[in-house]
Chemist: 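One structure, as C-alpha cells, below. Some questions next.
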Amino acid sequence: MTPVRVRFAPSPTGRTHLASGRTALYNYLLARQTGGQFILRIEDTDQKRYVPGSEQELMDSLRWLGLEWDEGPDVGGPYAPYYQTGRREIYQQYARQLIEQGQAFYCFCTPDRLEKVRQAQQQRKETPHYDGFCRNLDPGEAARRVANGERHVVRFKMPKDGSITVRDRLRGDITVENAMLDDSVLIKSDGLAVYHLAAMVDDQLMGITHVFRGSEWLSTFPLHGHIIRAFGWTPPEFVHLSILLKPSGKGKMSKRDTAAAMQDGHSIYIKDLRDLGYTPEGVVNWIALMGWSYDDAAEFFTMPDLIEKFSIEHLNPSPAAINFTKLDYFNGLHIRALPVDELARRIQPYLPEGDLATLQKIAPIIRERLVTLDDAPQWAGFFFRETVTPSVADLTPKGMTPAEGAAVARKCLSIIESLPNVSHETAEPPLRALVEETGLSAGQVFGILRVAVTGQTVSPPLFESMAIIGKEKVVERVRQAIGLLEQLG
RNA sequence: GCCCCCAUCGUCUAGGGGCCCAGGACGGGGCCCUCUCAAGGCCCAAACAGCGGUUCGAGUCCGCUUGGGGGCACCA
C-alpha cells in the first residue's frame, strides 16, 4: 500500500475518551503500516466550548498509548499551524471562493429570527431547516452590507434538486436527495469556520488520504461531499467508525453508566485507565478489537502486530459494546507477557518502598495474579513491611483450635530454625515431612505459615515468598504468630 | 416526525452462496493441576431478529418489518 497521510482531529472540549483513543489508534496503525504520516490537528474553532487542560490530557493520553504523531501542534510540520484557530484566514479565503462561484452566500439573519423560523417549522411538523431568507440577496448589496460591518455568517448554497452520492469504505455508496440537505453555516459570525468547512479545507491542504472518524459524521457526510465537489477536489477515503455502546449493548454510555464504570474500578477515559494501573499494551489490544478483528482466532496483539496486521477491510461497521471484563483479561495477558525487569519497573511506583532488585524477584511470583499494576501492593506489600499483623482467626486453620495451631507453628519454627536458609529447595522437603507426620493437610500446615509470614490468607506461593523475605524475618514472624496464638489459646 | 447507518452466542467477533446441524475469545458452569489466590489445561451450555423473495442451494444476495444507533445548531 502506498504511504498514507492520516490525521486525528479532536476538539479540545473535554476528556479523552476510549473512542478517541481507538480512532487515533487506527489512524496511527495505517500510517505506520504504510510508512506514511500520522498528523494531530486540534479543531478548536468552537471557542465557547473550549476546555482548558483538555488538550494536555489529549496529548498525554495519546503518547501514553504509544501513538506518537509526526506532525502536530507541539512538534510542528510542513503544514503548520495545526490549530484551526490559527487558520481562520485560510477558511475565509475558501469561503469567499465559494461565494464568488455562487455556491455560498452571506446571511444576515439573526439567531432570534432563525429560532422563530425553526419553531414555526416544528409547529407545522416540518424538519427544521434554513428558510433561504438571504439565499437570493443581490451579491453586490450583500457585499456592501458586509463592508459596512453588518453581522453575518456564510452559508453553503445547497442545490435545490438532484442528489449526491458519497462513498464510505465500510458501507459503500450513500445517496441523499439534496432537498433533504440544508444551507449550512460555513463561517460563523465570529469569522471562524465551522467543522464542515475547516476540516474539508485542512484535509485537502494537508494532503490527507484517509479520514477515520466517528459514525456521528455520517449524517453530515453528504454536505462534506458537496463542499469537496464545489472546490473540485478529489475526496480522501472516508472510513466512518462504529460508535461505542454501554456494556449492556443497549444504547451509548450515559453519565450514569460512566459513573457506574468508575465505581467498578474502570473508566472510559484513557488517563483514568492509566491511573487505575492498566497498561498501554492492554488498553491498545482491547480498543483495537472493538470494531476490528484479524481472523477467527487471533486476539493477542502488540503494537508491532497491529501495525503489521491492521486492515480497513476487517473493520466492522456495527456498533460495539464496551466490555470492561475483557479489558481486565487483556491487561492480565499483557502484564504476564512483560519481561520480568520491565514488570518490576512498572510496579515500582505502586510499591515505593520496594527496591528494584527485590521487585525483580517478586515480579515472577505475582505476575499471573495481577489484573492491573495497581494490584501489586495487595500481593507484595507484606514483603516491605517491618511487621505483619495477622488475626488469630486467620492463623487458626479450619477445624483446629488456636492452641493446636500454635503447636503446629512451633514445629514449623524449629524446622525453619534448623535450616541454613529458607529457599524453596531447603524448606519444602522438611515441611512436607511435617505434614505427613502430623497427619494434617498441606493446606492446614502451610496455611498457618502463610498467614504468619504474609499476614494474609491469600498470597503468592509460600516457599517462594519465604525465600524472598529471608530466614531471619520468617523466623521472627512465625515467633510472633505463635505468641499471638498462645496468648489467646 | 424526517433523513442516514447498523443487525451472528449475554458481550467482542469469524463468516463475504455450498467448507457452517455456524468457528474463536471474554464472561458463566464443570473437571484437572494445586500450599491460598491466580495462571494454565480439558469439557459443557449459549447465536445466524422476523417474514417474504432470488437460487439446485442463503448466516452469506434483494425487499419489507422489527429492534438499536446517529443526525436534523452561528458544536465538533
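First the proteins, then the strands, lettered A, B, ... as listed; each starts at 1.
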Chemist: How many angstroms lie between atom OG1 of A:Thr220 and atom CG of A:Leu181, to the nearest 0.5 angstrom?
Modeler: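 Separation between the atoms: 9.5 Å.
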Chemist: In whole angstrom, give me the gap between the P atoms of B:rG53 and B:rC43.
Modeler: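 Each nucleotide's P atom is 42 Å from the other's.
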Chemist: Contact class for A:Glu464 (heavy atom, under 4.0 Å): base, sugar-phosphate, or nothing?
Modeler: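 A:Glu464: base contact, heavy atoms under 4.0 Å.
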Chemist: When you check the side-chain N and O atoms of A:Asp305 and A:Thr302, is any donor under 3.5 Å from an acceptor?
Modeler: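 Present: a donor and an acceptor within the cut-off.
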Chemist: Can you tell whether the side chains of A:Asp203 and A:Arg41 come within less than 4.0 Å, N to carboxylate O?
Modeler: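 A:Arg41 and A:Asp203: salt-bridged.
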Chemist: Judged by each residue's nearest nucleotide on RNA chain B, which is more toward the 5′ side, A:Arg450 or A:Leu289?
Modeler: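 Comparing both residues, the 5'-ward one is A:Leu289.
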Chemist: State whether a side-chain donor-acceptor pair under 3.5 Å links A:Gln123 with A:Gln119.
Modeler: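 Per modelled atom types, A:Gln123 and A:Gln119 side chains form no pair under 3.5 Å.
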Chemist: Should B:rC2 form a Watson-Crick or G-U wobble pair with both distances under 3.5 Å, which nucleotide is its partner?
Modeler: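 Base-paired to B:rG71.
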Chemist: Looking at A:Phe238, is A:Arg213 sitting on its ring face, NZ or CZ under 6.0 Å from the six-membered ring centre and within 45 degrees of the normal?
Modeler: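 No, A:Arg213 does not lie over the aromatic ring of A:Phe238.
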Chemist: Can you tell me if CZ on A:Phe108 sees more than 12 non-hydrogen neighbours from other groups inside 6.0 Å?
Modeler: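 Above 12, so yes.
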Chemist: Distance criterion of 3.5 Å, no angle test: do you see the side chain of A:Arg171 paired donor-to-acceptor with the base of B:rC5?
Modeler: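 No.
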Chemist: Regarding A:Arg432 and A:Glu436, does a basic nitrogen lie under 4.0 Å from an acidic carboxylate oxygen?
Modeler: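 Salt bridge flag = no for A:Glu436 with A:Arg432.
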Chemist: How does protein reach along nucleotides 15-30 of chain B, written 5' to 3' as B (base within reach of a heavy atom under 4.0 Å), S (only sugar-phosphate), or - (no contact)?
Modeler: S-------BSBSS---
Chemist: For residues A:Phe156 and A:Val185, determine if any side-chain heavy atom of one lies less than 4.5 Å from a side-chain heavy atom of the other.
Modeler: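 No; the side chains remain at least 4.5 Å from each other.
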Chemist: Touch check for A:Pro461, heavy atoms < 4.0 angstrom, all strands: base, sugar-phosphate only, or nothing?
Modeler: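 Result for A:Pro461 = base.
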Chemist: Determine, for A:Arg87 against A:Glu43, whether the closest basic-nitrogen to carboxylate-oxygen distance falls under 4.0 angstrom.
Modeler: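 Between A:Glu43 and A:Arg87 there is no salt bridge, as every charged N stays at least 4.0 Å from the carboxylate O atoms.
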Chemist: If I take atom NZ in residue A:Lys125 and atom C1' in nucleotide B:rG1, what distance separates them, rounded to the nearest angstrom?
Modeler: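 In whole Å, B:rG1 C1' and A:Lys125 NZ are 7 Å from each other.
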Chemist: Specify the separation, in whole Å, of atom CG of A:Leu327 and atom P of B:rU11.
Modeler: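 Answer to the nearest Å: 19 Å.
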Chemist: Could you check how far CD1 of A:Ile335 sits from C1' of B:rA38, rounded to whole Å?
Modeler: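 The answer, rounded to whole Å, is 12 Å.
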Chemist: Taking the nucleotide of RNA chain B with the nearest heavy atom to each, does A:Ala442 or A:Pro247 sit closer to the 5' end?
Modeler: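 Nearest-nucleotide comparison on RNA chain B picks A:Pro247.
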Chemist: If you look at every strand shown and take non-hydrogen atoms under 4.0 Å, does A:Arg367 touch a base, only sugar-phosphate, or nothing?
Modeler: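 Answer is nothing: A:Arg367 stays at 4.0 Å or more from every strand.
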Chemist: Whole angstroms only, please: what is the CZ-P distance between A:Phe301 and B:rU13?
Modeler: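 After rounding, the gap between these two atoms is 13 Å.
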Chemist: Please measure how far the P atom in B:rG29 lies from the corresponding atom in B:rU13, and state the result in whole Å.
Modeler: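 That atom pair is separated by 24 Å.
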Chemist: Assess whether a salt bridge exists between A:Arg369 and A:Asp375, defined as any Lys/Arg side-chain N lying under 4.0 Å from an Asp/Glu carboxylate O.
Modeler: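 Salt bridge absent between A:Arg369 and A:Asp375.
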Chemist: Under 30°, 30 to 60°, or over 60°: which ring-plane class applies to A:His424 and A:Phe463, parallel, tilted or perpendicular?
Modeler: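 Because their plane-to-plane angle is under 30°, the rings of A:His424 and A:Phe463 count as parallel.
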Chemist: For nucleotides B:rG10 and B:rA45, find the distance between their P atoms and express it as a whole number of Å.
Modeler: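 Going atom to atom, P in each nucleotide, I get 15 Å.
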Chemist: Does any nucleotide pair with B:rC56 by Watson-Crick or G-U wobble geometry, both distances under 3.5 Å, and what is it?
Modeler: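 Its partner is B:rG18.
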Chemist: B:rG15 and B:rC56: how far apart are their C1' atoms, nearest whole angstrom?
Modeler: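 After rounding to an integer number of Å, I get 22 Å for this pair.
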Chemist: Work out how far the P atom of B:rU65 is from that of B:rC4, and round it to whole angstrom.
Modeler: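 13 Å, rounded to whole Å.
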Chemist: Calculate the interatomic distance between A:Lys398 atom NZ and B:rU36 atom C1'; express it in whole Å.
Modeler: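 For the pair A:Lys398 NZ and B:rU36 C1', the rounded distance is 10 Å.
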Chemist: Can you check whether A:Tyr294 reaches A:Ser311 side chain to side chain, under 4.5 Å on heavy atoms?
Modeler: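 The answer is no, as the side chains (C-beta and beyond) never meet within the 4.5 Å cut-off.
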Chemist: Checking all strands, does A:Gly332 fall into the base, sugar-phosphate, or nothing category for heavy-atom contacts under 4.0 angstrom?
Modeler: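 No contact.
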Chemist: Could you tell me how far apart A:Trp292 (CH2) and B:rA14 (C1') are, to the nearest whole angstrom?
Modeler: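 Rounded to the whole Å, the gap is 12 Å.
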Chemist: With the side chain of A:Arg336 defined as its heavy atoms from C-beta on, choose the nearest nucleotide among B:rC5, B:rA14, B:rA39.
Modeler: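 The listed nucleotide nearest to A:Arg336's side chain is B:rA39.
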Chemist: What is the pairing partner of B:rC64, taking Watson-Crick or G-U wobble pairs with both distances under 3.5 Å in any strand?
Modeler: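 Pairing partner: B:rG50.
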Chemist: Do the side chains of A:Leu273 and A:Leu327 get nearer than 4.5 Å, heavy atoms only?
Modeler: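 Contact flag for A:Leu327/A:Leu273 side chains = yes.
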Chemist: Take nucleotides 41-47 of chain B nucleotide by nucleotide from the 5' end and write B, S or -, depending on whether a protein heavy atom sits under 4.0 Å from the base, only from the sugar-phosphate, or from neither.
Modeler: -------
Chemist: Say you pick atom C1' in B:rA58 and the same atom in B:rG17; how far apart are they, in whole Å?
Modeler: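 Here B:rA58 and B:rG17 have their C1' atoms 6 Å from each other.
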Chemist: With rounding to whole Å, what would you report as the distance between B:rA25 and B:rA14 at their C1' atoms?
Modeler: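 Per the computed distance, 11 Å lies between those C1' atoms.
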Chemist: Does B:rG10 have a Watson-Crick or wobble mate here (both distances under 3.5 Å), and if so which one?
Modeler: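 Partner of B:rG10: B:rC26.
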Chemist: Work out how far the C1' atom of B:rC44 is from that of B:rG63, and round it to whole angstrom.
Modeler: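 Pairwise C1' distance, B:rC44 against B:rG63, rounds to 40 Å.
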Chemist: Can you tell me if A:Asn148 uses its side chain to pair, donor with acceptor, with the backbone of A:Arg145 under 3.5 Å?
Modeler: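 Judged by distance alone, no pair lies under 3.5 Å.
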Chemist: Could you please name the partner base of B:rA38, counting Watson-Crick and G-U wobble pairs only when both distances are under 3.5 Å?
Modeler: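 Matched B:rA38 with nothing under the 3.5 Å cut-off.
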Chemist: Between A:Gln378 (CD) and B:rU36 (P), how many Å, whole number?
Modeler: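 Those two atoms, CD and P, are 18 Å apart.
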Chemist: Can you build the contact string for nucleotides 65-76 of chain B? Use B for base contact, S for sugar-phosphate-only contact, and - for no protein heavy atom under 4.0 Å.
Modeler: ----SBSBSBBB
Chemist: Measure from CH2 on A:Trp379 to P on B:rC37 and round the result to the nearest Å.
Modeler: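 Spelled out: CH2 on A:Trp379 to P on B:rC37 is 9 Å.
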